[in-house]
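For reference, the structure discussed in these notes is given below.
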Amino acid sequence: MKLFVDTGSIKDIEALAVLGILDGVTTNPSLLAKESGDYRQNLKRICDIVKGPVSGEVTATDFAGMMRQGHDIAEIDEHMVVKVPLTRDGIRACKALSTEGLRVNVTLVFSAAQALLAAKVGAAFVSPFVGRLDDVATNGMDLIREIVTIYDNYEFATEVLVASCRHPIHVVEAARMGADIATCPPAVIDQLFNHPLTAIGLEKFLKDWEKSQVAAKV
Ligand code: G3P
C-alpha cells in the first residue's frame with residue numbers, strides 16, 4: 001500500500017521524504033491556507049521533493065471554474081493531480097479533465113454510491129474520509145471495505161485513497177482491506193514508527209554493549 005502525507009507543510013514533507021517512505025502528497029484548501037507564500041510555488045516545491053502524485057484542490061464550485069482551476073493546477077508540474085469535490089459539477093469536471101488525460105482525485109466522498117460515480121467518470125483516485133465518518137458515529141473503515149469490493153467487482157482502475165486517517169489503526173485496516181493508498185497527517189505517520197518494545201529493546205541492547213566495552217578495557 002502506498003503512503004501519502006496529508007499536509008501543505010514543506011518542512012514536514014522534506015523530513016518524511018528523506019526516510020524513503022513517502023509515495024505522494026495530498027493537500028486541501030484548509031491545509032494550504034495554513035502555509036505562508038504563494039500556494040502554486042509551494043505545490044511546485046512539493047512536487048520537486050516527492051516526485052509522486054501531489055493533489056491540489058479546486059476552490060471553484062461551478063464546472064467552468066473547476067475546469068479553469070484544474071488546468072491551472074495541472075500546469076504547475078507533471079506530478080500534480082487535480083482534486084475536485086464529489087458534486088454534480090465535480091463529477092462532470094472529473095469526466096472532462098480525465099478525458100483530456102489529467103489525473104483527478106475526487107474528494108469529500110462519504111458513501112459507496114459516491115465512490116461508484118467517481119470511478120464511472122474515470123477518477124484516478126477516490127478519497128473517502130474515514131475519520132470524519134467516525135466523528136459522526138459511523139464506521140469509516142466499513143466504507144473502505146465496500147468501495148474496495150465494488151471496484152474489484154468491476155475492475156475499476158480508480159485507486160482507493162483512504163483520507164482523513166486519524167491513527168495507525170486506520171492505516172493498518174486500510175492495508176488489510178487492500179486499499180491502494182492511505183494519506184495521513186505527519187503526526188500519524190510518526191505514530192506508525194512507535195512501539196514501546198522497540199524503544200525498550202534498543203535501550204537494553206545499547207546498555208549491554210556499553211557494559212561489555214567497559215569490561216573489555218579492564
Ligand atoms: O485532505 C483530506 C482529508 O484527509 C482531511 O482530513 O483530518 O481534515 O478530516 P481531516
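Remember, predicted model here, so these are calculated numbers, not experimental data. As the structure lists them, so they are numbered: ligands from 1, and atoms in each ligand from 1. Residue numbers start at 1 and run along the sequence shown.
The side-chain heavy atoms of Pro85 and Met66, taken from C-beta on, include a pair separated by under 4.5 Å. Looking at Asp72 and Arg40, their side chains come closer than 4.5 Å, going by heavy atoms from C-beta outward.
Near ligand 1, residues Asp6, Asn28, Lys83, Phe129, Arg132, Ala163, Ser164, Arg166 each place a heavy atom inside the 4.0 Å sphere around the ligand atoms.
Within the structure, salt bridge (Lys or Arg N to Asp or Glu O under 4.0 Å) contacts touching residues 195-207 (residues at least two apart or in different chains) are Glu203-Lys207, Lys204-Asp208.
In this structure, the side chain of Ser98 does not engage the main chain of Lys95 through any donor-acceptor pair within 3.5 Å. Using a distance-only test at 3.5 Å, with no hydrogens or angles considered, no donor-acceptor pair links the side chain of Glu155 to the main chain of Asp152.
Using a 30° and 60° split on the angle between ring planes, His167 and His170 fall in the parallel class, below 30°.
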